[in-house]
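Data first, discussion second: the structure below is written as structure tokens.
So that the names make sense, note that chain A is the first sequence line, chain B the second, and so on, each numbered from 1.
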Protein chains: 2
Amino acid sequence: MNTSSFITNIRKTVNLNEEEEKYIESVFVPLRVKQGEFVEHSGEITRYFIYVQSGCLMTYFTDKDAFDHVAQFATAGWWTGDLHSITKGVPSIYSTRALADSEVLLLPKNSQEELLNKYPQMERYFRILYQNALVTHLHRIIQGHAAAADERYISFREKYPSLEQYVPLKYIASYLGITPEFLSKIRRRLMESR
Amino acid sequence: MNTSSFITNIRKTVNLNEEEEKYIESVFVPLRVKQGEFVEHSGEITRYFIYVQSGCLMTYFTDKDAFDHVAQFATAGWWTGDLHSITKGVPSIYSTRALADSEVLLLPKNSQEELLNKYPQMERYFRILYQNALVTHLHRIIQGHAAAADERYISFREKYPSLEQYVPLKYIASYLGITPEFLSKIRRRLMESR
DNA sequence: ACTATTTCTTAATCTAGTTCAAGATACTTC
DNA sequence: GAAGTATCTTGAACTAGATTAAGAAATAGT
């Protein structure tokens, strides 16, 4: 398993010379996970920033009634994990699990800090990564308040068409903040109206 | 009006020498806004990153039925504005308005880019700023799905007690994703139960 | 101080979305 | 390939929260 996919990804944002790329590549820990396996467990302190090379992961919160709430999905080229836990060193409230057999690259907390200190370009890379994620998150909050469930489902499908192959509908419902039963009803209405 | 409050703020995250601080201070544009005045209008391309020195602003989205949805409040020490519009140069879907007479510091887009290029410390400052905001935003999304409106209201009050002095209840309702009428009902229930 | 406007509350009615329970499809695994 | 498990759908009964409309309380403007 090679790590060059991450280098391709980072090149889209910042420029690095060959030596820098070599070093950056070297600090990632490649890992294969099977469908259903955990990468991080809630309750534990997150140790890694998780980059997805192939497959699909989901990060979710389990509430007091043992209901899961999907925080985010991550397919090839995406990062996931619990930023709060890893940066503040507190136990995570999220778990991260594979929805399909996946290849991930783990970036240990210390290695990330080292990269940030050593290469200003990496600081920029993460700044831009977070900046984009922030825009998406705020949009999701506002859509959650301003749009009805059926509209949210339609935009979800338009925005992440590739996820349909990996993600069971019940998790999409959870991501949208509705029950699987209601999503089912929405889907039928959409089918009938065309 | 002095800009030293921002320097105090940035010192909490990164170290700068006196010369750097001087320069950074010099690129901010101080502005006083009265209650109700706009700092940015939706439909226009956002030109400034907005830092609040005193008072209180809110950034909100207006939907197709002319309903406002509060994206965020910002009191002293907070940043606000539309990151997507300013970074991508597209018209903003958010407006930013003063909820009280306020002093703000505007950081023009070009100046921010200059600061980022000139001082790696600034790149770090914004990386950490965005990182923390990301954690908060994701938490808000999950709470929106996992917690009922009354719980969300209670945690809001605990988390941002200082906002009560500035923010009319109808905007708090909007921030929480409920109607003012329903918030009113919640508040009465809470009063009665103690 | 008086008036106008905005904000907040109350109550009745309504609806988007939930819950519960059961059956239908698909997917695993041995 | 049969049996077991997880996912998806359907429908009936329910509820958290929305809508509408009106009055009360607070704020702002002159």
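By the salt bridge (charged side-chain N to carboxylate O under 4.0 Å, His left out) test, A/Arg152 is found to be paired with no residue, residues two or more places apart in sequence or in another chain being considered. Listed by chain and residue number, B/Asp150, B/Glu151 satisfy the side-chain contact (heavy atoms from CB on, under 4.5 Å) test with B/Ala148 (two or more places apart in sequence, or in another chain). With sequence neighbours excluded, no residue forms a salt bridge (charged side-chain N to carboxylate O under 4.0 Å, His left out) with B/Arg187. For the salt bridge (charged side-chain N to carboxylate O under 4.0 Å, His left out) test, no residue two or more places apart in sequence or in another chain qualifies with B/Arg188. The side-chain contact (heavy atoms from CB on, under 4.5 Å) check on A/Asp68 picks up A/Tyr60, A/Thr62, with sequence neighbours excluded. Evaluation of the side-chain contact (heavy atoms from CB on, under 4.5 Å) rule for A/Val135 yields B/Leu83, B/His84 as partners, not counting sequence neighbours. Residues satisfying the salt bridge (charged side-chain N to carboxylate O under 4.0 Å, His left out) test with B/Arg140, not counting sequence neighbours, are none. With sequence neighbours left out, B/Thr136 forms a side-chain contact (heavy atoms from CB on, under 4.5 Å) with B/Lys159, B/Tyr160.
One atom, OH of B/Tyr171, and another, C1' of D/dT27, lie 13 Å apart when rounded to the nearest Å. Computed from coordinates, the B/Lys34 NZ to D/dG29 P distance equals 10 Å when rounded to whole Å. If you take CG of B/Asp68 and P of C/dT6, they are 14 Å apart, rounded to a whole angstrom. As rounded to whole Å, 16 Å separates atom C1' of C/dT18 from atom CG of A/Leu176.
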Please list each protein N or O that sits under 3.5 Å from an N or O in nucleotides 9-17 of chain D, with the distance.
| from | atom 1 | to | atom 2 | distance (Å) |
| --- | --- | --- | --- | --- |
| D/dT9 | OP2 | A/Ser184 | OG | 3.0 |
| D/dT9 | O5' | A/Ser184 | OG | 3.0 |
| D/dT10 | OP2 | A/Arg188 | NE | 3.3 |
| D/dG11 | OP2 | A/Arg188 | NH1 | 3.2 |
| D/dG17 | OP1 | B/Ala149 | N | 3.4 |

Using the 3.5 Å cut-off, write out each protein N or O paired with an N or O of nucleotides 28-30 of chain C and the distance between them.
none

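Among residue pairs with one or both ends in residues 173-184 of chain A, none qualify as side chain to side chain donor-acceptor pair (under 3.5 Å); sequence neighbours excluded.
The rotation axes computed at either terminus of the helix from C/dA1-D/dT30 to C/dC30-D/dG1 lie 60° apart, taking five pairs at each end and rounding to 10 degrees.
The number of heavy atoms from other shown groups lying within 6.0 Å of CD (B/Glu19) does not exceed 12.
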